[in-house]
Amino acid sequence: ELFEWKLKSQGLLPLFEKIDMPFRRIMDSCTNHGVCVDLEKLEIATTQVTEKVEAIKKKYAEQTPPINIDSPKQVWKTLYYFPQNVHRQKDGTPKTDEKTLSSVREDLLKPEAKEILVYRKEKKLLSTFLLGMKNALWEDGRIRPLYNLTVAKTGRTSSGGSRKSYDRSFNIQNVSKKHAIVRQLVVVPKGEKIVLLDANSLELRVLAHYAQDEKLIEVFRKGIDPHVYTATQLYKKEPYQIDASERSVGKTLNYACLYGSTAKGLSYNLKIGPAEASELLRFFYKTYPAISKLKDKVLA
């Protein structure tokens with residue numbers, strides 16, 4: 001009753017009643033059912049990653065002088081051959097985050113930089129995913145993530161939530177392909193199946209509609225993979241000649257332009273120079289001229 005008049009006044013009541021609430025019930029049943037975890041594999045993975053993290057931490061702690069690898073103030077001195085070239089924040093504090101280190105020329109960084117990045121990656125894997133999954137376990141060996149319908153701005157579902165409101169919260173949708181060790185922990189009991197539901201290039205379809213870009217509309221009408229198509233235009237190849245790495249470049253470029261990425265952001269994501277990234281952006285807008293016009297219109 002509290003929000004009914006608001007929903008009615010904005011014409012959103014049918015959306016609420018016919019889509020949001022029925023879907024909410026499906027998501028709640030998914031939470032109640034839970035996701036089965038291989039407890040033995042979870043213990044083994046946790047032990048292995050813990051040992052790896054502790055070994056690197058111990059190595060730096062036993063140096064002379066000892067270094068606390070978790071302290072950015074102590075770490076930065078071991079990263080650069082020429083400390084005067086270090087990237088700094090506005091207050092003068094040296095930057096040691098992954099994005100900064102990834103953008104620095106390799107010949108300026110000491111070999112320890114890669115090891116420190118590995119340490120951070122493994123530590124996050126341990127704390128966020130492995131220990132996070134252990135903390136979220138119920139007595140029956142399942143985790144029960146909360147699924148949200150109205151959190152992600154892109155309209156996708158998301159999972160997780162505040163630990164204060166739900167102490168067994170676990171963001172299962174945050175487990176990507178690069179977390180293969182975590183994905184292997186999810187098992188399917190006999191008589192059950194895992195179903196993968198994914199919005200197929202949803203945002204690009206919306207973009208094609210609003211821009212009325214003939215090329216992109218034709219791509220979707222013919223059932224062509226839009227990332228492969230962009231790659232074929234970029235590399236001057238036939239679709240069957242495009243490999244996984246080339247498709248990945250096409251996908252990154254598509255979404256970079258969709259979300260208004262700068263050349264700097266694209267260069268970081270593709271690990272290329274800013275000039276090359278600028279050229280890629282120009283290529284995209286030349287390939288899809290109606291999208292270029294829409295962008296100018298939106299900016300204006």
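Values in this document were obtained by computation on a predicted structure and should not be read as measured data.
If you chain together hydrophobic residues whose side chains sit under 4.5 Å apart, Leu281 and Leu270 fall into the same group. In the hydrophobic cluster analysis, where Ile, Leu, Val, Met, Phe, Trp and Tyr join through side-chain heavy atoms closer than 4.5 angstrom, Leu266 is grouped apart from Leu299. In the hydrophobic clustering of this structure, Val151 does not group with Phe3; members are Ile, Leu, Val, Met, Phe, Trp, Tyr whose side-chain heavy atoms approach within less than 4.5 Å, directly or through other members.
No side-chain heavy atom of Ser245 sits less than 4.5 Å from a side-chain heavy atom of Val249. Residues Thr50 and Leu130 form no side-chain contact, since every pair of their non-hydrogen atoms from C-beta on lies 4.5 Å or further apart. For the pair Asp243/Arg247, no side-chain contact is recorded, criterion being any heavy-atom separation below 4.5 Å from C-beta on. Using a 4.5 Å cut-off on side-chain heavy atoms (C-beta onward), Thr157 and Tyr147 make no contact. Between Leu137 and Val37, the closest side-chain pair of non-hydrogen atoms falls below 4.5 Å. Residues Ser201 and Phe220 are in side-chain contact: their nearest non-hydrogen atoms beyond the backbone lie under 4.5 Å apart. Inter-residue side-chain proximity for Asn254 and Phe284 is flagged as met; some heavy-atom pair is nearer than 4.5 Å. Thr47 places none of its side-chain heavy atoms less than 4.5 Å from the side chain of Ile44.
Ring geometry, Tyr229 versus Tyr288: the interplanar angle falls from 30° to 60°, so the pair is classed tilted. Using the six-membered ring where Trp is involved, Tyr259 and Tyr255 have ring planes that are parallel, under 30° apart on the 30 and 60° scheme.
Thr31 and Pro145 get closest at one heavy-atom pair: OG1-O, 2.7 Å. Here the shortest heavy-atom pairing between Asp213 and Ile291 reads OD2-N, 3.7 Å.
For Phe16, the CZ atom sits in a loose shell: 12 or fewer heavy atoms of surrounding residues, nucleotides or ligands are nearer than 6.0 Å. Residue-environment remark: CD (Glu214) stays at or below the threshold of 12 foreign heavy atoms within 6.0 Å. Heavy-atom neighbours of Tyr210 OH from other residues, nucleotides or ligands within 6.0 Å: at or below the threshold of 12. Heavy-atom contacts from other residues, nucleotides or ligands closer than 6.0 Å to NZ of Lys237 number more than 12.
For the atom pair Ile56 CD1 and Tyr119 OH, the distance stands at 8.0 Å (nearest 0.5 Å). Once rounded to the nearest 0.5 Å, the distance linking CG of Asn135 with CG of Asp167 reads 9.5 Å.
Geometric assessment of Lys271 against the ring of Tyr268 yields a positive cation-pi assignment under the 6.0 Å and 45° thresholds.
For Lys215, there are no salt bridge (charged side-chain N to carboxylate O under 4.0 Å, His left out) partners two or more places apart in sequence or in a different chain. A search for salt bridge (charged side-chain N to carboxylate O under 4.0 Å, His left out) contacts involving Lys57 returns Asp70, not counting sequence neighbours. Checked against salt bridge (charged side-chain N to carboxylate O under 4.0 Å, His left out), Asp140 has the following partners two or more places apart in sequence or in another chain: Arg144.
Under the side-chain contact (heavy atoms from CB on, under 4.5 Å) test applied with Arg205, the options Asn200, Val219, Ile217, Leu216 reduce to a single match, Asn200. Each of Thr232, Ile224, Asp225 was checked for a side-chain contact (heavy atoms from CB on, under 4.5 Å) with Pro239, and the lone residue meeting it is Thr232.
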Working for side-chain hydrogen bond (donor to acceptor under 3.5 Å, both in side chains), residues Thr252 and Asn269: CA-CA 8 Å; Thr252 303; Asn269 286 324; over 6 Å; no
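Judged by distance alone, the side chain of Glu17 and the main-chain N or O of Pro14 form no donor-acceptor pair under 3.5 Å.
In the model, Glu115 has a side-chain atom that pairs as donor or acceptor with a side-chain atom of Tyr60 under 3.5 Å. Side-chain atoms of Ser159 and Asn171 include a donor-acceptor pair closer than 3.5 Å.
With respect to the salt-bridge test (charged N to carboxylate O, under 4.0 angstrom), the residues Arg24 and Asp28 qualify. The residues Glu192 and Arg142 are annotated as salt-bridged, a charged nitrogen and a carboxylate oxygen being separated by less than 4.0 angstrom.
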